[in-house]
Amino acid sequence: MPRAPKRVHQEAKEESAQADQPTQNSASEDIEAFTNKGFKSAIAATKAANAFPQGTARALYLSYPGYARVIEDLTQRVVALIGNVLHSKDIKGDIKKRQMEEQFEMVQECNDLLFERITTNLDIKAGLRRNTQQVVEAQVDVMTSSTSIEPAVAAQKTQGTPKAGSWNRTTGTPQRNMVSTRLFTAKNIIRPQTQFREPVDNSAQNPFVPRLKEKPNSLKPLALLPEYDDAGNVQSYLHPYEFELLKFEPPTEQLQKQKPVLPALMAETELMVVDTVEKLKQALEELRQAPQIAIDVEHHSYRTFMGITCLVQMSTRSKDYIFDTLILRDDMHILNLVLTDPKKLKILHGADLDIEWLQRDLSLYIVNMFDTHRAAKALNMARLSLAYLLKHYLDLDVDKSLQLADWRMRPLPQQLVDYARQDTHFLIYVYERMTNDLLQQQAEPGLLGSVYQQSTDVCKKRYNKPHIGPESHLDLVRKTKRSFDNRQLYALRGIFEWRDATARSEDESYGYVLPNHKMVQIAESSSREMHGILARYNLIPQLLHTLLPIVLKARDQPLVKPILEARSSTQASLPPSTKDFSSKLYCPHDFSHVEEIRDDLPTLLKRSSTTGKLEVAKKEEVAKVDLTLAAPAMALFEKQSKPTPEEEQRWAYLRKESQTLRMPYKRYLAILPLMVQLKADQLARERSELQKRQLCPAAPTVEQNIKLEANAIGKEDDDMYSVPLKEQLKRKHPQANVKTDPDQQPTASKRPRTAESTQTKPPVKIEPVEKVQQATGESDDEVVEVPIERQATEPPKPSPAHNNRKQKKNQFQRGFKAKNRGNHPQSSSQQVPQHQGTGNFDYKNVDFRQFKGGAQRARGTEIKQQIRGKNRPNNRNNKQFNKLFTFSNVRKEGKK
Ligand code: AMP
Ligand code: MN
Ligand code: ZN
C-alpha cells in the first residue's frame, strides 16, 4: 500500500513492487496490523536499496561486468513488477520501454489514483455508517442582488419583501435587499451527477444539443437544425418546437372571462410524489385530463457547472404532483405529451429560467403558457413576486425563506415538500383572477393577448452553455469598480481561465471553485506573498501550486499605467450606487421619502377650517405668525450700529436699480447723448492728425505706433474734445521702430480715408514735430493692450528726451513682443464712424450682441478677441459703448 502521493520516487518504485505480497493474506488481519506490516516491508526495501553502492562508488562497481549484469537483471525484474501493478490499475503505456523520467511519472500517476480511490472509499464508508441524512439548518441574512448565481431569478426574488416608500422599485435598477433566508442543506449529499445515465458535457467547444427523441403535438416532424457561426462551426440548435410556438394562438376559452375557483387547502389536497417510472406514467394519464396545469421547477447550481433540475412541481385543480427529477431525469420527457399540447394551458411564474432548465435536463418544452410574472407586469402591479400575487389575490402570507434550500437532498424533508407545493398549488386561481383583471383593462384591449405573446416568447428561449470570452474578466473588473494595472489584469485573466477550465472539468460552479471576490483579490494583490493570500482566504494549499505560476507570470509582465480606471482610488472603497441616475424619477433633492423630513414648517398656505383645502393665508394672519429667526452663531461682518442715512439712501437706490428692468431701446436712448459726444471727439482727433500730416508729410502716421495705457474709460469725457495733439503725438513711436518692423507700415486702406477726410475737416491746432519726436522715448513703457480713450484724457507728461541707443533697442523689443501677442498698433482714425452731424446715430456701429439681454456686462476678453487681427471692428466705440450699455451702468454713466 503506498504511503504518500508525492514521496521519493525511488522508494515508491521498489515499494510498490514488494507491496503485492502482503495484500494476498491481509484479508483476515485487521487494518492496523496490515498497515504496520506494510510499513515494515517498505522500510526493509528502502534499507536494502540504500545498501547498494551509490554515487562514484556505484560507477566504479558498474565497471565490473558481473556486477553490472546482476544489477541490470534486478532492475528489469523490478520494473516488470511495477509494470504489472500499473497495468492492473489501467495506467496506459509500457513502463519497460520508457525513459527513467517517464517511468517515475507513471508510478506517480498510479499512486495518485490509488489514493483517490482510498479517499472515495473512506467517504462512502463514512457516509454509509451515518446512513441517515444529517440536515443542517440555519437562519441567515443574505444580500440578494443581480450578481448572484441566478441573476434573473434573484431579481424576481428581491421584490418579495415590501418596504414602505419603495413603491417605484419594481422596475428599473436591480436592488440589493436583505433577505432573511434559511440555510437548509444536509451533510454527505451524494452528487446526483455521478448517478446520471448520460454524463453531462460541460465543454465549451460543444454547444448544447437538445436530447429530444420524440416530438408529440408536432406540426413539423422532429429535426435537429444546427445554426453555424462565422467560422462554420455549429453554434447552437434551433428550438425543436420553434414552428409550433410560431403558429400558436391561445384557445378562445383562455381569452374569455374566467370563473375563479378557490383552491382547496393544501392539507386537504392529494399529493403525489412521483419518483418511479410507473408513478410517472400514472401522473401523465391524470394530467392529460386536466385543462390547466400549474408548473414550477426547483434547481441546484452550487455543486455543478451547468446546474441540475432537482424537482418539478405540478398542480391541477384537484391534485399536486412533485416529480423527483434526479431519479426521473431520463424519463420526464414523456410529459411533453401534455406540456406541448397547445390546447392545455400551462401556468408558470417567472418562467424564463424554468424553460431553460426543463429543456436542458429533462427535454421538456412548453407550448401554451401563461406567465403570471408577465401578467403582473402588464397589470402594473406594485410587485411582481409570486409571494405578492398570493398576498394580493388570496391574502396568503407565504414563507419564501427556503428558496435557497439544497434541493438535491433525498429523501426530501417534509418542509421542502410543503414549500415546493405552495409554488404551484394556488397558481391556477391566480391565473383566473389575472385573466379577468387583464380583460378589465378597458384602456388596453389587447393586454391579455400581449401577455400570451410574451409568455410564448419565453417558451422560445433556448438553453446555451455558459461561456467565457477573452474579455470576460474585464466585466468582472468593471463590476468591482476598482482600478487594475496590466499585471493584475493579466493575473486575473489567467485565474479566470483556470477557474473556467476547473469548473467544467470538476463539474462545479464558478462560485464553488473560486468566488469572484476572492479571485479579484488574489489578482489584485498579485505582488504580495501568495501564501498569505491563501491563508487569508482559507483556500486549500493545492491552489497555491495552481495559481502561483499564473501570478508569477503576471509579475513578469512589464508594468504599464492602470488600464481600467473604473473609479478613482478614493471612490473605490465606496459601495456601488444603486441609484439609476438616468431615470426620470431620480430626483436628488426630493427628500419626501426620508423620514427626517419636516413638513411642519410655516408656509404661506394654510388649511381651511371649513373646506379642508389648502388656501393662501390672509395678510393679517401671516403677519401674526411668529417667525423667530435664529441668529447666526457667528457673523462675518458684524454691524456695530445702524446704517447711516447716506448708506440707507445708497442701498435704497441700489435696491431700486436692481429691481428696475430697462428695455434695450430705453438703454439705447440713454446712451445716445454720450455716443454723440464720443463721435465728435473722434472726429476732432482725426482732424488734428490730418493737419499734422499735411504739415509734415514724411513723418509716420500717428496711429501707427500708438500704444495705449490700460485704463478703460476716461474720467471726464468732456476732456476728449480738447485733446491736445501733443498728447497723441507724445505717444508716437520712434522712427527706428517703424523702419525695422515692416508689419507696422500703415495699411493701404487707411490712407485714402484719412486723405478723404482731409478735405472736409477744418485744421486743428498742432504741436511742432520735433517736440513730438522727442517725446517718443518713454510713453509706451509696459503698455500692451488698451482702450484708446485714455490717451486723450491723460495729462501730458513731461518726457525727458532720452535718445540713447540702448533705450531704443528696448523699445523695439517691447514693440515686437507686443506685436507678437497680437496687439497690432492701429490707427485710431480707422475707428471713426464715417458720418457727419450729431443727430444721426449709426446703428451699424452698435454691437448688439454685447447686450446679452442687459443682464451681463460685456466682458473684456470678448473685446480683446475682437480687436485682434487686421480686420478688427470698430473697437473703440464698441468698447466704450458696451461698457456703458449694461444693465446697471446705463443710468449712472448716461447721466454724466
Ligand atoms: P422558485 O421559482 O422561487 O421556486 O425558484 C426556483 C429556483 O430558483 C430555486 O430552486 C433556486 O434554485 C433558484 N432561486 C430562487 N431564488 C433564488 C435566489 N434568490 N438566488 C439564487 N437562486 C434562487
Ligand atoms: Mn419558479
Ligand atoms: Zn419554486
Side-chain angles (χ1 to χ4, degrees), residues 140-161 174-185 189 192 266 293-315 320-326 346-358 360-362 364 366 369-376 383-390 398-409 412-413 415-427 430-431 455 458-459 461 509-512 515-516:
V140 281
D141 285 337
V142 289
M143 197 76 133
T144 57
S145 75
S146 56
T147 51
S148 72
I149 303 159
E150 277 147 340
V153 182
Q156 292 168 24
K157 311 295 154 193
T158 53
Q159 292 153 4
T161 41
Q175 298 289 325
R176 281 166 171 269
N177 280 350
M178 272 301 204
V179 171
S180 193
T181 183
R182 263 185 289 166
L183 180 72
F184 202 96
T185 183
I189 292 177
M266 241 160 58
I293 307 165
I295 303 174
D296 188 37
V297 180
E298 302 304 334
H299 184 255
H300 178 83
S301 57
Y302 188 55
R303 300 300 309 271
T304 154
F305 182 68
M306 293 198 290
I308 299 168
T309 301
C310 300
L311 223 60
V312 169
Q313 309 98 282
M314 293 194 193
S315 290
D320 295 332
Y321 301 84
I322 286 185
F323 298 86
D324 185 339
T325 53
L326 295 180
K346 273 69 66 177
I347 306 150
L348 285 90
H349 182 84
D352 297 66
L353 292 172
D354 299 27
I355 290 286
E356 292 191 23
W357 298 334
L358 287 172
R360 182 194 62 204
D361 293 339
L362 311 174
L364 283 175
I366 295 180
M369 178 177 83
F370 182 94
D371 189 328
T372 47
H373 178 260
R374 310 274 145 169
R383 292 177 181 279
L384 310 175
S385 66
L386 179 63
Y388 177 80
L389 295 186
L390 295 181
V398 294
D399 174 19
K400 281 299 259 180
S401 68
L402 278 175
Q403 64 184 196
L404 295 177
D406 193 332
W407 293 99
R408 300 174 304 165
M409 279 192 269
L412 204 61
Q415 280 159 288
L416 290 192
V417 173
D418 294 342
Y419 177 87
R421 251 179 111 180
Q422 79 181 9
D423 276 352
T424 55
H425 184 77
F426 309 96
L427 215 51
V430 170
Y431 144 75
S455 304
V458 173
C459 292
K461 288 189 87 170
S509 65
Y510 290 141
Y512 179 77
N516 281 351

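Indexing begins at 1, ligand by ligand and atom by atom, following the structure's order. Sequential numbering from 1 along the given sequence is applied to the chain's residues. All figures in this text were calculated on a predicted structure; none of them were measured in a lab.
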Counting N and O atoms only, with roles assigned by atom type, does the side chain of Arg408 sit under 3.5 Å from a partner on the main chain of Arg303, one being a donor and the other an acceptor?
no

Asp423 (side chain) donor-acceptor with Asp296 (main chain) under 3.5 angstrom
no

[X]: numbered ligand 1 atoms lying under 4.0 Å from its heavy atoms:
X      : answer
Glu298 : 4 (O), 5 (O), 6 (C), 7 (C), 9 (C), 10 (O)
Lys400 : 3 (O)
Trp407 : 10 (O)
Asp423 : 4 (O)

Could you confirm whether Asp423 has any N/O/S atom lying under 2.8 Å from the Mn ion (ligand 2)?
no

Below a 4.0 angstrom heavy-atom separation, can you tell me which part of [X], side chain or backbone, both or neither, approaches ligand 1?
X      : answer
His349 : neither
Leu353 : neither
Asp354 : neither

Any N or O on His300 sitting closer than 3.5 Å to an N or O of ligand 1?
no

Return yes or no for this condition: an N or O of Trp357 is under 3.5 Å from an N or O of ligand 1.
no

Going by the angle between their ring planes, with limits at 30° and 60°, are Trp357 and His299 parallel, tilted or perpendicular?
parallel

For the Zn ion (ligand 3), what is the closest N, O or S atom on Asp423?
OD2

Could I get the full list of salt bridge (Lys or Arg N to Asp or Glu O under 4.0 Å) partners for Asp399, not counting sequence neighbours?
Arg182

Flag for His425-Ser315: side-chain donor and acceptor within less than 3.5 Å
no

Quick check for you: with the Zn ion (ligand 3) as the vertex, what angle do OE2 of Glu298 and OD2 of Asp296 span, to 10°?
110°

